[in-house]
Amino acid sequence: MYNILTLNKIAAIGTSRLGDNYKYGDDVQNPDAVLVRSAAMHDMEFADNLLAIARAGAGTNNIPKDKCSEQGIVVFNTPGANANAVKELVIAGLLISNRKVIEGYEWAKTLKGNGAAVGKMVEKGKSQFVGPEIKGKTLGVIGLGAIGILVANAAVALGMNVIGFDPFMSVGNALKLAPTVKLQKSAEDVMVNCDYLTIHVPLTDDTRDMVDADMIAKMKDGVRILNFSRDGLVNSTAVLEAVKSGKVAKYVTDFGTDDILGEENIICLPHLGASTPESEENCAVMACDQVKEYLENGNIINSVNYPAISLARTNADDTRFCVAHKNVPELLKKVLSQISGNVENMLSKSRGDYAYTIIDVAGAGADDLAKIAAVDGVIRVRAI
């Protein structure tokens, strides 16, 4: 029986896939895995038996990834599961950055009570909410992952010129990108040449405040900036000053901070990017499937701290050793020397300072597990 702790509500369509051999809920003790959405985990202590944490979403800033790596806890996310939901909200943000829809809506509400005169008042007052069209304008997209690609392609379909940058774009993602999207050599090349800017990158030391006062100064006058990715990518003080000066025409985000809330030409929404029934279900299914595969077979899909690795099981009688270890020379050789049975199949991959090895063994000895665990550099080992 596997115990799964849920720190947030996880859609039942996902948890129902776990099966009868799983107990899950928000009151589960001694969990083998944790399912989480937004709950903060940085101050949590993890028991020795915790094997995995799966975030039903793409970002993992609420999870202490370094701490998990050191303890051999695999952290999963669900890239792409909420991509369409975020794309749709970004496109909505793009439109409301232009057409003063929200301002017009708020003004129209003030006309209530004027009876038959409302129609004429609406016609007379509408000119104050004039805004340009997006067709023919240039959208800059920084980060061409699952979400960025969908945004770029949707903007192309809406008649926009699209430029983009992603230093880590895979061949697969490149093939998904509309052929008219023009790739740039740097993020700065995108930011200084676009009429609209949307950012879709994780928050790291390298990306924090990537849109600051210096960068804004290089942008076109009247640029419109969208941030539906992560708080901290856009320096709120800098963008507020730029909006007040008119350098930035509009800033739209779902990461409101106290200093920008209620400011003219800044639209702050709740963090609604993945808040659709479809997205929540997609994320739940992916997260639960990944946890189940890891617990039962040791295979890693969509981890943010350990390498992706999958080895088919060819003999149900074999013992499968799953070893999380430091990525150092000769360590794997030492691990194999502790195995008394016959190694039938093996796969090892690394990611930065850490590595993960799956070893299928026929006739494994009773003390092989303990011997492997004692090897210097082995962080965690389990037998399935």
Side-chain angles (χ1 to χ4, degrees), residues 58-61 77 79-80 82-95 97-98 134 137-158 160-236 238-239 242-243 247-255 267 271 273-274:
T60 54
N61 291 341
N77 69 342
N82 61 8
N84 185 71
V86 177
K87 175 209 73 175
E88 291 185 359
L89 190 62
V90 172
I91 296 301
L94 184 65
L95 295 171
S97 77
N98 250 19
I134 61 173
K137 308 299 194 308
T138 298
L139 173 68
V141 183
I142 298 178
L144 292 165
I147 296 170
I149 286 175
L150 291 181
V151 170
N153 291 349
V156 168
L158 290 170
M160 300 190 77
N161 303 313
V162 180
I163 59 177
F165 172 74
D166 190 328
F168 307 110
M169 188 165 64
S170 66
V171 174
N173 279 351
L175 293 173
K176 297 175 185 177
L177 197 61
T180 56
V181 175
K182 297 179 180 178
L183 298 180
Q184 306 297 297
K185 294 181 179 180
S186 69
E188 181 172 333
D189 287 341
V190 172
M191 290 191 273
V192 301
N193 289 299
C194 62
D195 303 304
Y196 302 79
L197 173 68
T198 182
I199 306 170
H200 301 284
V201 299
L203 180 64
T204 67
D205 291 339
D206 292 331
T207 61
R208 185 178 298 278
D209 288 339
M210 67 185 304
V211 177
D212 59 9
D214 291 340
M215 184 55 67
I216 291 173
K218 299 176 184 179
M219 295 182 187
K220 289 183 177 182
D221 292 343
V223 66
R224 299 166 195 266
I225 301 173
L226 286 72
N227 177 19
F228 289 87
S229 187
R230 286 288 174 266
D231 185 24
L233 297 173
V234 176
N235 184 287
S236 62
V239 80
V243 167
K247 174 68 177 183
V248 172
K250 210 86 161 191
Y251 178 51
V252 186
T253 183
D254 60 351
F255 297 99
I267 298 174
H271 187 47

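Nearest heavy-atom pair, L144 versus F165, reported as atom, atom and distance to 0.1 Å: CD1-N, 4.0 Å. Across all non-hydrogen atoms, the minimal contact from L197 to V211 is CD2-CG2, 4.1 Å. Nearest approach of A178 to N153, heavy atoms of both residues: N-OD1, 2.8 Å. Residues M210 and A187 approach most closely at CE-CB, 4.3 Å, considering heavy atoms. Between A146 and G80 the shortest heavy-atom distance is CB-CA, 3.7 Å. The nearest pair of heavy atoms linking S97 to V252 is CB-CG2, 3.7 Å.
A distance-only check finds a donor-acceptor pair linking the side chain of K247 to the backbone of M219 [under 3.5 Å]. In this structure, S229 contributes its side chain and V201 its backbone to a donor-acceptor pair below 3.5 Å. Here the side chain of T138 pairs no donor or acceptor atom with the backbone of V162 at under 3.5 angstrom. Judged by distance alone, with hydrogens and angles left aside, the side-chain atoms of N173 form no donor-acceptor pair with the main-chain N or O of M169 at under 3.5 Å. Checking side-chain atoms of D212 against main-chain N and O of M215 turns up a donor-acceptor pair under 3.5 Å. Of the possible donor and acceptor atoms, none in the side chain of N82 sits under 3.5 Å from a partner among the backbone N and O of A274. Here the side chain of D195 pairs no donor or acceptor atom with the backbone of V223 at under 3.5 angstrom. In terms of modelled atom types and a separation under 3.5 Å, the side chain of N227 and the main chain of R230 share a donor-acceptor contact.
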Apply side chain to side chain contact (heavy atoms under 4.5 Å, CB included) to the pair I163 and N193, showing each step before the final yes or no. CA-CA 9 Å; I163 59 177; N193 289 299; 4.0 Å; yes
Verdict with reasoning, I267 to Y251, per side chain to side chain contact (heavy atoms under 4.5 Å, CB included): CA-CA 6 Å; I267 298 174; Y251 178 51; over 6 Å; no
Decide yes or no on side chain to side chain contact (heavy atoms under 4.5 Å, CB included) for D254 and L89, but give the supporting numbers first. CA-CA 10 Å; D254 60 351; L89 190 62; 4.1 Å; yes
Criterion side chain to side chain contact (heavy atoms under 4.5 Å, CB included) on I147 and N84, from CA distance to verdict: CA-CA 7 Å; I147 296 170; N84 185 71; over 6 Å; no
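Within the 4.5 Å cutoff, no side-chain heavy atoms of Y196 are placed close to those of I225. Side-chain atoms of L94 and T198, non-hydrogen and from C-beta on, never get closer than 4.5 Å to each other. Put simply, the side chain of R208 does not reach to within 4.5 Å of the side chain of N235, judged on heavy atoms. Looking only at side-chain heavy atoms (C-beta outward), V181 and V156 come within less than 4.5 Å of each other. Side-chain contact between K218 and M191: absent, with no pair of heavy atoms (C-beta onward) separated by less than 4.5 Å. Inter-residue side-chain proximity for L203 and L233 is flagged as met; some heavy-atom pair is nearer than 4.5 Å. At least one side-chain heavy atom of I134 sits less than 4.5 Å from a side-chain heavy atom of L158. At least one side-chain heavy atom of N98 sits under 4.5 Å from a side-chain heavy atom of R224.
The only member of V151, T253, V90 that meets side chain to side chain contact (heavy atoms under 4.5 Å, CB included) when paired with L226 is V90. Evaluated for a side chain to side chain contact (heavy atoms under 4.5 Å, CB included) with L150, the options H200, K176, K87, E88 yield exactly one hit, K87.
Put simply, CG on L139 and CD1 on I91 are 7.5 Å apart, with the number rounded to the nearest 0.5 Å.
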